[in-house]
Amino acid sequence: MARTIVTSALLYANGPLHFGHIAGAYLPADVYARTLRMCGDEVLAVSGSDDHGVAITISAEKAGEDYASYVARWNGNMRATFDALDIRYDIVSGTSTCPDHADLSREFFSRLMENGYLVERRTDQLFCVADDMFLADRYVEGTCYKCGSEGARGDECPSCGTWIDPLEFKDPRCKICGSTPEARSTTHWYLDLPKLRDEKIGDWIRDHEWKTNVEKFIQNLLEDVPERAITRDMSWGVSLPPEVGEAGEGKVLYVWFDAPIGYISFTKELMRERGTPEAWKDWWQSDDTQLVHFIGKDNIPFHCLVFPSMLHGTGDGYVLPAAVPANEFYNLKGGKFSTSGGNAFDVVEFVKEWGVDTTRFYLCSTMPETSDSEFSLEQLIQTANTALAGTIGNLATRVLKFIAKNFDAVVPQLHEQHREEMDRLILEECGPIEDPAALVKEFRFRRAAEAVVANATVANVFVDRLAPWALRKEDPEKAASALNTLCEWLNWQARWMAPFMPHKAQQLWEMLGHASAVADQPWPGTPSAEDWRSLSAGAPLGTPEALFPRIQAPEPKA
RNA sequence: GGCGAGGUAGCUCAGUCGGUUAGAGCACUGGCUUCAUAAGCCAGGGGUCGCGGGUUCAAGUCCCGCCCUCGCUACCA
């Protein structure tokens with residue numbers, strides 16, 4: 001049995017989850033996991049929050065909260081959003097709350113050090129006495145020593161674009177409190193990415209098949225990959241392992257170092273809860289596992305270069321990612337979703353108003369797979385009314401209501417003399433039938449969503465060709481055979497819908513008279529004449545209701 | 001400044017290794033149908049593929065230059 005670890009980027013616990021995140025890394029992961037599970041694969045889906053880092057401590061202090069509860073709040077927001085959209089993981093944890101996280105992160109550090117992939121360096125950095133902390137480049141500002149403009153940041157001058165060395169500012173200011181920081185000497189550890197690259201991972205990256213939008217980015221990056229500091233002077237985070245000695249006091253692992261390790265530590269946490277504490281190794285240290293990271297494009301360097309380097313550098317046989325289906329960005333009104341910039345809305349409220357499945361489907365059908373794409377409420381409503389209500393929902397009601405009125409609300413009989421004609425018609429002559437799962441496995445979610453609708457169109461064409469309302473009078477047996485065929489088709493339609501629209505799929509499944517869960521059904525693939533039928537004539541059907549009631553477009557707001 | 005992505009129909013987007021008349025959905029127009037949620041089916045109009053050069057028998061696709069948009073630039077899909 002194939003086994004796959006599906007991860008979604010750990011969300012930085014510093015703000016709410018918005019549609020950009022969801023369309024980028026969470027919904028595709030969920031659809032992918034649901035699809036693989038129906039296909040019979042074993043899947044482990046992992047996500048959570050990335051809780052450490054300076055930005056969080058600063059925001060928490062501004063909000064007057066302690067770090068842990070600040071982080072817990074955003075982690076809670078994430079869980080609530082997942083629930084609202086029915087996005088499911090085997091575990092959603094957080095790097096500050098997962099009991100296995102700190103130890104495993106330190107173990108990574110230690111193993112990398114043993115294997116000679118860490119470099120210790122002493123450098124000068126600006127330290128704010130008032131705030132009692134070393135200042136990350138971005139938290140320093142001053143007058144640009146090249147163009148003289150004020151308000152240059154510690155990393156770059158926005159006026160002239162010069163790369164700034166904050167130590168060269170004549171008038172450095174702490175961006176947090178405005179006081180003048182001083183230079184202090186500090187020791188940090190660097191991940192020796194050039195060495196890791198040269199000792200195998202470079203070849204692996206070059207030879208690996210990446211999604212096209214990842215390929216160029218990563219190959220370029222590989223050319224001059226720098227050493228990267230993986231420690232920071234602060235208290236909120238994972239402390240360093242004891243073997244670094246006194247130099248490690250008051251320091252923690254840098255967030256981007258410990259964050260991806262969360263995928264593994266969360267798995268450990270889950271397996272311990274399940275009572276099989278060693279089972280995480282079967283996933284993470286097994287050659288048979290397929291590791292798939294769902295992320296947004298901004299995370300490409302970490303997941304395609306840095307994290308694989310770390311995994312390889314431990315020498316502990318960790319699996320390297322098989323695929324990193326990074327999405328581009330999902331925009332709102334031409335700009336990025338941004339909660340701080342006000343260009344966003346409350347996802348939970350939105351879903352309450354427009355519906356889980358409708359939202360999921362629309363996001364799938366507009367996902368930024370190959371280039372940035374655009375979210376629009378008008379289009380969502382249009383999609384809901386045409387593809388969902390018109391094509392799929394109406395197919396179900398036109399068939400099932402007709403049967404309820406004229407065929408006693410049971411599966412009509414297929415008369416043998418019609419079998420061949422019916423099969424040929426619907427399987428060959430009413431349009432192409434596509435397998436959405438095949439497209440999902442290629443990470444083509446947009447086309448997969450289209451395929452679900454296109455398959456419903458096949459049945460709509462079939463209805464129009466046979467016109468059962470006329471046939472009922474001329475040749476009732478043939479009408480029964482046609483309607484039987486349509487019931488069988490709906491039986492497929494519900495399963496095709498399940499990974500994308502779990503609730504509506506279940507609702508349709510029940511309308512067909514099933515009591516089971518559609519998500520537990522094996523994936524159907526595409527039908528072939530030999531064995532695509534499974535319903536028994538005379539089996540009672542459920543009550544047909546509009547699957548997707550049409551929605552009224554809201555009055556344009558002034 | 002550096003790096004990356006993008007500019008294709010009114011809108012949102014596909015376009016593989018360069019290869020017939022450049023595709024889809026929505027929107028629009030016309031016809032058919034009346035089972036169904038004013039739903040369905042069929043047909044049609046609509047494009048100088050950002051601009052200018054070049055390579056080629058052949059360029060949306062490759063090369064050079066330019067314009068515009070967006071993102072990242074080390075905390076945020």
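Distance A:W256 CH2 to B:C72 C1': 17 Å, rounded to the nearest Å. A straight line from CG of A:L380 to C1' of B:G25 spans 15 Å, rounded to a whole angstrom. Here the P atom of nucleotide B:A24 and the CG atom of A:L439 are 18 Å apart, to the nearest Å. Summarising the geometry, the separation between CZ on A:F302 and C1' on B:C76 is reported as 10 Å, rounded to the nearest angstrom. Straight-line distance from the CD atom of A:Q379 to the C1' atom of B:G25: 9 Å, rounded to whole Å. Going from atom CZ of A:F329 over to atom C1' of B:G71 covers 6 Å, rounded to whole Å.
At a threshold of 4.0 angstrom between heavy atoms, the contacts of A:P226 include nucleobase atoms, whether or not backbone atoms are also involved. Among the protein residues, A:G53 comes within range of no part of the nucleic acid, since none of its heavy atoms lies under 4.0 Å from any strand. Counting non-hydrogen atoms under 4.0 angstrom, A:R446 reaches the backbone sugars and phosphates but no base.
For A:H101, the ring pair (Phe, Tyr, Trp, His ring centres under 6.0 Å) test picks out no residue, with sequence neighbours left out. With sequence neighbours excluded, the residues satisfying salt bridge (Lys or Arg N to Asp or Glu O under 4.0 Å) with A:D86 are A:R34, A:R88.
Taking the six-membered ring where tryptophan is involved, the planes of A:Y89 and A:Y26 are perpendicular, since the angle between them exceeds 60° and thus also 30°. Under the 30°/60° scheme for interplanar angles, the aromatic rings of A:Y263 and A:H303 are found to be tilted. The aromatic rings of A:Y70 and A:W74 sit perpendicular to each other, their planes meeting at more than 60°, with 30° as the lower class boundary.
Checked against a 6.0 Å centroid threshold, the rings of A:Y362 and A:F375 count as neighbours.
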> What string of B, S and - do you get for nucleotides 35-40 of chain B 5' to 3' if you count protein non-hydrogen atoms under 4.0 Å?
Replying inline: BBB-SB
> Reading RNA chain B 5' to 3', what string of ( ), [ ], | and . shows its pairs, if Watson-Crick and G-U wobble pairs count only when both distances fall under 3.5 Å?
Replying inline: (((((((..((((.....[...)))).(((((.......))))).....(((((..]....))))))))))))....
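For the side chain to side chain contact (heavy atoms under 4.5 Å, CB included) with A:L508, the lone residue among A:N491, A:L395, A:L547 that qualifies is A:L547.
Spacing between B:G7 and B:C13 at atom P, rounded to whole Å, works out to 10 Å. Spacing between B:A24 and B:U69 at atom C1', rounded to whole Å, works out to 25 Å. Taking the C1' atom of each, B:A58 and B:U73 are spaced 41 Å apart, rounded to whole Å.
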Can you give the donor-acceptor pairs under 3.5 Å from side chains of residues 469-477 of chain A to other protein atoms, not counting sequence neighbours?
unit_1: A:D475; atom_1: OD1; unit_2: A:K478; atom_2: N; d: 3.3
unit_1: A:E477; atom_1: OE1; unit_2: A:Q417; atom_2: NE2; d: 3.2

Using the 3.5 Å cut-off, write out each protein N or O paired with an N or O of nucleotides 4-8 of chain B and the distance between them.
unit_1: B:G4; atom_1: OP1; unit_2: A:N220; atom_2: ND2; d: 2.6

